[in-house]
Amino acid sequence: MSIVALIPAFPFAGALLIFLGWRMKGRTAAIIGSAAVGLSMASAITLASISSLSPQSGSAFGLVLWNWLQVGSISVPIGLAVDALSIVMCLVVTVVGFLIHLYSVDHMAGEEGYGRFFGYMNLFVGSMLTLVLADNLLLLYLGWEGVGLCSYLLIGFWYRESANGRAARKAFIVTRIGDISLLVGIFLLATSLGSLDIQEIGRRAASAWPLGSPIASLAAALVLGGALGKSAQLPLHTWLPDAMAGPSPVSALIHAATMVTAGVYLVARTNALFALAPAVQLAVAIIGAATLLVAGWSALFQTDIKRVLAYSTMSQIGYMFLALGLGAWTGAIFHLAMHAFFKALLFLTAGVIINALHHEHDIFKMGGLARRMPFAFWVFLIGSLGLTALPPVTSGFASKDAIVARAWTSGDPGHLLWIAAMLGVLITSAYTFRLLFVVFAGRGASAANAANAAHGSAHEGGQELARPGPLLTIPLGILAFFCLIGGLVDFPRILGGVPWFGTFLGTALPPAREAEAGGGSELALALASLGTSLMGILIGALLWRRSLKPGFVSPSSGIASFFKKGWGFDRIYAVLFQTPFEWLCRVNRRDAVNLASNGIGTANLAFSRVLRSSQTGMIRWYVAFLAVGGALVIAAAVIL
Amino acid sequence: MMLALFIVLPLVCGFAAWILGSRGSTAGRWISLAGNAFNLVLAAWLWIAQASGSLVPVEGTWLALSSMPWIPAYGISFTLGLDGLSLLFVALTSLLGIAAVLASWKGIQEKVAFFHFCLCLVLAGINGVFLSIDLFLFAFMWELMLIPMYFLIDIWGHEGRHRAALKFFLFTQIGGLLMFVAIIGLYLAHAAATGLRTFDYRLLLGTALDPTRGMLLMLGFFAAFAVKLPAFPLHAWLPDAHTEAPTAGSVILAGLLLKTGGYGLIRFVLPLFPEASRSFAPIAMWIGVAGIIYGGFMAFSQTDMKRLVAYTSVSHLGFVLLGVFAFNVQALNGAVIQMLSHGLSTGALFILVGSLQDRLHTRELSRMGGLWSAAPKFGAFGLVLTLALLGLPGFGNFIGEFLVLLGAYRASVSVAVVAAIGLVFAMVYSLRMYQLAFHGESSDTKEVRDLGAIEIAALGAMIIALFWLGIFPQGAMDAASRALGGILGILGGTA
């Protein structure tokens, strides 16, 4: 079982080879990078088959590589833990990561820094795998920060544009604010429980802390703070839309396989803490519900294809947080896995479109692409159906409906959360189909025609654009296939499915607090959400028709621009934090302490100048001083 | 007598470099390189010996001792002692000594022989500080490293060097004088209590002092070390000195001289004055936190790249002060790892900035930009060092900061939380620096000679050491554990 060490080792080795091979050809780097993730995927699949053939009920298998730190009572190994949760995460990360790498070989070809790109991507995958395999919180934190670093490097990959640099820094800094919360949480856990081992923490917390005790709530809240940053949930979500500055494969990797899912994983992994802190767990659900609404609403107003998808990610992660908050641990991870497939598919397809249209991001300059990029259309449609949780695409349908149903059955606050979730379903299908219609339906807009014109041939509008090569279509096809059938691994029982996935994850995660609803209501709930989705499609279509008539709701109108720019969070943070910080720095640029110490020197010089000026070299002045001084001394002596 | 080699060898090399180097400029370089390399081999040999268990303490926690009478009438002797803690710092000194020689290989072209004389003398003094366990000898070594450093800044520095050198000298000298007074005071108190007149550190440990006198004497020592460290608000000499010094000077200042402050706190302040330190600890920890935050603010404000790096030292050494006074094993280990990592990472950054200045003839960030495309090796090494600066896990800096904060959390939650916010500042200033220098569109930096082989060798070795400290920190901590355990034992600190 020590094969587990190979899973993160391959991508790290790949990154190292690429970085040290200074003058390596870009093509070589691409092959090394893809092969490394491919081998990692093979190891993960091997591990998964071994452990599913001989399931060890519940207990995690561990592998300690070496002792990292041993100071006093604190002992931290470089150790990996294998259970159903980490296996599922490894599979998602490596499979989706490998497909994205394959896609990038063609997609990124010819870019400056082609080799560097694969080095960063390998580092990204390796960090994420370390994160999900770590058996203790400090090693998890290493992967956690590594993921943050790689997001910085890849978002700012096109470094010449200073806007990209700003987006990259924003991602790294905003998530680090969350990381500090997690770090303080680690201090608290290490200090009060004396261990950083995740399993051990769960055991000791359960025995040392009573349900709902303040310290348990504090610990859970601090861990949650870290998760909010990485998973782009309110109020630490502002970095994600700007993260679109990176190349499309990067967006796919950040949004699907790595980075944003890390927060969901962390909360699921530390479920023992949240179980002890019901108030914090409720907060998780509320934050999730709020984020899914706020982000979904913003997605309705975007004009950049990747920004629509970015807000959609926030919204979908919101569903996962909702599930976590409701105690549906396996449901959250299930949706995470399904989301990874359809979101990767959507982003990669968006990348194909953007490249075909010469880096055009504005959806209103696309249009009519269904006929001209049929392959892209079909796979994008599959991804969209997954996102809106509509059959026959099973992935989103199985996973999202489970969460929505869960909200209904979870008792008192649940009904409000259910309403939010249903609203989210409506909004999701509205923005998804608005996007789909605007990009693919109709006759086509300027950019598409311009692209034809740029090719210099006598293409009529409506002819096919350049077909993507096999290295692009194969990963897209595989992802589309997973979207179509992925949900079958845990299909609703009412529709004749078998919950394999949930059973497998059940060996690592506690079962959801059962509030079993009858079969009838399960069906009713599924139908209700199906109906809502269809209604959303209608709204999406209306929004598209409306957008054809300019002036009706112009995207530049005040209220629309407010939602488009993400509800003004950026401005609030700028006023609250950035401006005062920069003001203080500007005011104190010369360092008051330094000036004060220089002042001592200046005062001394001034004093010495005064004294020096008395030394005139003229005898009569000295005589006069002597006389006056003598008189003063005598006068003082007389008076006193 | 082997220990004396650490001091005598650089001295001999210094004089040899001065005399022989006056004929051709390369002789001086090679001589001082050889001297430092020999010291590094010696330190490595000691390291391996103690790690494999063949070198065991001869007395208490001391792995090696050597003593010669000096002024017996006053109980002054030439006593050197090496334990795991001093071994770490002696090893760092020889490594950074080599880096400093390499960094000035091309950059220093005037008075080369005298430059290497000063350089070797500083290194001899620093080794002396790390090895002396006679307090009079310690004070002597403290001065020995100061004066040649003054010349290094004043002769080979940049535009404002005279002023910066004088400021550095005055600040350090005032601190050093206060410490010297405190040493005499401790000597007299010990003589009064036991009738034995001695400057021997081992005998002075456990001198009974009434609280007021103990506090005053402790503050005398603290003053010297706080200036060197530097602790807020005594840092005013640092930005000027670091910025104006030649590259090798900055490397030694940031990498080693600041460490003598932290080393002094651990070696002398805590064990000699345990009660006074304990009552002073809350104040000292907050001073450390103030340094972390203030240094972060100031680093963000700078437009001069070298000055920016200088201010980051204020922030990072704040962690050391915090760790020393948190009084537990995690924090103390963290302070040591933080000092080693800071020495390597900031030393390397100064080499990088120095090489940039040699090529661009400016340190202004606003005149850089886009260096990644013009000089990719600069970009890559700059990136790695920036990441070490912001404390990314995997580098020794993270281990240091993590352990300090963990220990500080055990001592005081509020201190640890405020200090942890400093980590956000670290990220903000580091990324800003990197963005301005390396990213963006290249301005007038189109033609930049990329890093050369000598620079890559020096930087590469330091980066490997940083990774080693980040991934296998246990080796360094095991080496120091016995010495630190002894000090914590005196403090009655918690494990």
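To find a chain, count down the sequence lines: A is the first, B the second, and so on, and within it residues start at 1.
Neither the backbone nor the side chain of Asp478(B) comes within less than 4.5 Å of any heavy atom in chain A. For a residue to count as touching a neighbouring chain, one of its non-hydrogen atoms must lie under 4.5 Å from one of that chain's; by this rule Leu387(B) touches chain A with the side chain only. Residue contact with chain A, scored on non-hydrogen atoms closer than 4.5 Å, is absent for Leu238(B). Neither the backbone nor the side chain of Leu332(B) comes within contact range of chain A; no heavy atoms are under 4.5 Å apart. When heavy atoms are compared at a cutoff of 4.5 Å, Leu170(B) does not approach chain A at all. Neither the backbone nor the side chain of Ala416(B) has a heavy atom closer than 4.5 Å to any heavy atom of chain A. In this structure, chain A has a heavy atom under 4.5 Å from the side chain of Arg163(B), while its backbone stays farther away.
Within 6.0 Å of the CZ atom in Arg204(A), the count of heavy atoms belonging to other residues, nucleotides or ligands exceeds 12.
Nearest heavy-atom pair across Leu69(A) and Pro473(B) is CD2-CG, 3.6 Å. Among all heavy-atom pairs drawn from Phe438(B) and Tyr159(A), the shortest one is O-CD1, 4.4 Å. In plain terms, the two heavy atoms of Ala190(A) and Leu406(B) that are nearest each other are CB-CD1, 3.8 Å. Across every non-hydrogen atom of Glu145(A) and Pro393(B), the tightest pair is CB-CD, 3.4 Å.
A donor-acceptor contact shorter than 3.5 Å links the side chain of Trp66(A) to the backbone of Ile471(B).
Distance check: Asn333(B) CG to Ile74(A) CD1 gives 12.5 Å after rounding to the nearest 0.5 Å.
Residue with the most contacts toward chain A among Trp237(B), Phe425(B), Phe232(B): Phe425(B) (heavy-atom pairs, distance under 4.5 Å).
Chain B is approached within less than 4.5 Å, heavy atom to heavy atom, by Arg169(A), Phe172(A), Ile173(A), Arg176(A), Ile177(A), Ile180(A), Leu183(A), Val184(A), Ile186(A), Phe187(A), Leu188(A) from residues 166-188 of chain A, ordered by number.
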Between Lys167(B) and Asn598(A), does a side-chain contact (heavy atoms from CB on, under 4.5 Å) hold up when you go through it step by step? CA-CA 9 Å; Lys167(B) 198 168 168 183; Asn598(A) 288 348; 2.8 Å; yes
